Participant: 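Got a structure here, written out as structure tokens. Questions coming.
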Amino acid sequence: MSALDLDATLDCGQTFRWRKINGVWQGVVEDNVLFLEYNKENGYLKISSNKEEFRGMPLKEGIEDYLGLKDSLETIRGSINNSLISSGYSDFRPKMNEIYQASYGLRLLRQDAFEMCMDYIISTQMNINMIKVKIERICSLFSENRINFKGYTFFGFPTLEQLKSLPAAKFREAGLGYRSEWLQEFFMNVDCRKLKELKNCGIKEKLDYFLRFKGIGYKVANCIILFGYSDFSAFPVDVWISRFMESNFNITGNPQSLFEKGRKIFGDYCGYAQEYFFNYSRNLSRPEV
DNA sequence: GCCCAGGGGTAGT
DNA sequence: ACTACCCATGGG
């Protein structure tokens, strides 16, 4: 088993439907309920689910894919380091090595693009705990998606058809504020076939599609592309990344220009670097996970 | 009461 | 292209 930091992976702002209870991570991924327990000493990952399979794969194989365990962290870090050198930023390397240490075993999940669209439209100007609560509130509107597992109740992620049936007022009731109309319009206008086609497209084409929706700007679009398509050339810039780039690398600018700079400096795996930065910065500002 | 959160739209330069 | 201001909600 390759190196894995399950706590960092499931609690670094890339996913919102996981919670840790009595040492066990409980999560909902699409319509799968998953319980994960990781033993750091012997590297054993205990998996339970309401289903035998995950995304058409045997459970173990499917979860290892979901967790990004097939990513070679050495390859990724090598690529980032090479990019630092070729872009003329080799003086960043000591700081990067410190960050690698702090985020060792953090992996980017293979998540669903449609699910990420809703999650990150909601995420606008909200903290992570609030995002989790709001998403859960929307999911629980559909009692037909209820899944009972090991004495707990979960809700599978709603389909587009289900979400289309919600008027903006329903989102208001759920406490989504000014994001309500964005969500309603998104579900009315999104093209599921296009979402699938984008898997074979470059980041510019993906950006071009998502930026047309109200409520999706540069940051949200990059999150969808990074977390929903596992396109590691995306580089979302939020307040944390913005502050991090300035205080550690003395790089300033608006989010769009930081996106361009991040891509140039950190290269093909800048999305991985970005998540290391986010995890590193956020851990410094809170006492305990 | 204040400030802030994985920002974005809009109107004004 | 850049800036200033507003936008709901809830927690510290």
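So that the names make sense, note that chain A is the first sequence line, chain B the second, and so on, each numbered from 1. Computed from a prediction, not measured in an experiment: that's the story for all the values here.
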Participant: For nucleotides 1-5 of chain B, print each protein N/O atom paired with a nucleotide N/O atom at under 3.5 Å, atom names and distance only.
Facilitator:
unit_1	atom_1	unit_2	atom_2	d
dA5(B)	OP1	R243(A)	NH1	3.1
dA5(B)	OP1	R243(A)	NH2	3.0
dA5(B)	O3'	M126(A)	O	3.2
dA5(B)	O3'	N127(A)	N	3.3
dA5(B)	N7	Q125(A)	NE2	2.9
dA5(B)	N3	Q125(A)	O	3.4

Participant: For G13(A), answer base if it contacts any base atom (sugar-phosphate contacts may also be present), sugar-phosphate if it contacts only those atoms, and nothing otherwise; contact means non-hydrogen atoms under 4.0 Å.
Facilitator: base

Participant: Hey, could you give me the CD1/CG distance between I122(A) and L176(A), rounded to the nearest 0.5 Å?
Facilitator: 5.0 Å

Participant: Answer whether the closest heavy-atom distance between the side chains of M96(A) and F266(A) falls below 4.5 Å.
Facilitator: yes

Participant: If the threshold is 4.0 Å, N to carboxylate O, is there a salt bridge linking E98(A) and K95(A)?
Facilitator: yes

Participant: Which pairs with one or both residues in residues 119-130 of chain A pass side-chain hydrogen bond (donor to acceptor under 3.5 Å, both in side chains), sequence neighbours excluded?
Facilitator: none

Participant: Main chain of I265(A), side chain of S83(A): is a donor-acceptor contact present, judged purely on distance under 3.5 Å?
Facilitator: yes

Participant: How would you list, by chain and number, every residue that makes a side-chain contact (heavy atoms from CB on, under 4.5 Å) with I128(A), sequence neighbours excluded?
Facilitator: F16(A), K132(A), F278(A), R282(A)

Participant: Can you name the atoms? Protein N/O to nucleotides 2-4 of chain C N/O, anything below 3.5 Å, with the distance.
Facilitator:
unit_1	atom_1	unit_2	atom_2	d
dC2(C)	OP2	N254(A)	ND2	3.3

Participant: Return whichever of G215(A) or D238(A) has its heavy-atom-nearest nucleotide of DNA chain B closer to the 5' end.
Facilitator: D238(A)

Participant: Take atom CH2 of W182(A) and atom C1' of dG7(B), then tell me their distance rounded to the nearest Å.
Facilitator: 7 Å

Participant: Please list all pairs meeting side-chain hydrogen bond (donor to acceptor under 3.5 Å, both in side chains) that have one or both residues in residues 194-209 of chain A, counting only residues at least two apart or in different chains.
Facilitator: K206(A)-D231(A)

Participant: Output the rounded distance in Å from CZ (R172(A)) to P (dT9(C)).
Facilitator: 7 Å

Participant: Can you measure from CZ (R137(A)) to CE (M130(A)) and round to the nearest 0.5 angstrom?
Facilitator: 8.5 Å

Participant: Might you confirm whether atom CZ of R193(A) has over 12 heavy atoms from other residues, nucleotides or ligands at distances under 6.0 Å?
Facilitator: no

Participant: Below 4.0 angstrom, which residues in residues 224-236 of chain A have at least one non-hydrogen atom near DNA chain B?
Facilitator: F227(A), P236(A)

Participant: With sequence neighbours excluded, tell me which residues meet ring pair (Phe, Tyr, Trp, His ring centres under 6.0 Å) with W182(A).
Facilitator: Y178(A)

Participant: Can you tell me how far P of dA8(C) sits from CD1 of I122(A), to the nearest Å?
Facilitator: 16 Å

Participant: Looking at side-chain heavy atoms only, is the closest gap between D71(A) and R110(A) below 4.5 Å?
Facilitator: yes

Participant: Atom CG of residue position D191(A) - does it have more than 12 heavy atoms of other residues, nucleotides or ligands inside 6.0 Å?
Facilitator: yes

Participant: Under 4.0 Å between a side-chain nitrogen and a carboxylate oxygen: does that hold for E64(A) and K60(A)?
Facilitator: yes

Participant: Between residues 104-114 of chain A and DNA chain B, which residues have a heavy-atom gap below 4.0 Å?
Facilitator: none

Participant: Should stems be defined as at least three consecutive Watson-Crick or G-U pairs with both distances under 3.5 angstrom, which of them involve DNA chain C?
Facilitator: B:2-5 with C:9-12, B:7-13 with C:1-7

Participant: Does K70(A) NZ have over 12 foreign heavy atoms under 6.0 Å away?
Facilitator: yes

Participant: Atom pairs, N/O to N/O, protein against nucleotides 11-13 of chain B, distance under 3.5 Å?
Facilitator:
none

Participant: Side-chain contact test, heavy atoms from C-beta onward, threshold under 4.5 Å: evaluate it for L163(A) versus F114(A) and give yes or no.
Facilitator: yes

Participant: For the CG atom of D11(A) and the CG atom of N279(A), what is their distance to the nearest 0.5 Å?
Facilitator: 8.0 Å

Participant: Starting at atom CD1 of I138(A), determine the distance to atom P of dT9(C), rounded to an integer number of angstrom.
Facilitator: 13 Å

Participant: Report the residue (Y120(A) or F213(A)) whose heavy-atom-nearest nucleotide on DNA chain B is the more 5′ of the two.
Facilitator: Y120(A)

Participant: Who else is in F35(A)'s hydrophobic cluster (ILVMFWY, side-chain heavy atoms under 4.5 Å, direct or via others)?
Facilitator: I21(A), V24(A), V28(A), V33(A), I147(A), F149(A), Y152(A), F154(A)

Participant: Please report the distance, rounded to the nearest Å, between CD in Q256(A) and C1' in dG7(B).
Facilitator: 14 Å

Participant: Name all residues meeting the side-chain contact (heavy atoms from CB on, under 4.5 Å) criterion together with E136(A); count only those two or more places apart in sequence or in a different chain, and write none if there are none.
Facilitator: R17(A)

Participant: Could you state the NZ-P distance from K214(A) to dA8(C), rounded to the nearest angstrom?
Facilitator: 14 Å

Participant: Output yes when a side-chain donor or acceptor of K261(A) lies under 3.5 Å from a complementary backbone atom of T252(A), and no otherwise.
Facilitator: yes

Participant: For K170(A) and dA8(C), give me the distance from atom NZ to atom C1', rounded to whole Å.
Facilitator: 19 Å

Participant: Counting only side-chain heavy atoms from C-beta out, which of dC7(C), dG10(C), dG8(B) sits nearest to Y178(A)?
Facilitator: dC7(C)

Participant: In whole angstrom, give the distance that lies between atom OH of Y218(A) and atom P of dG9(B).
Facilitator: 13 Å

Participant: I want to verify a distance call: between dG8(B), dG9(B), dG10(C), whose nearest atom is closest to the K219(A) side chain?
Facilitator: dG8(B)

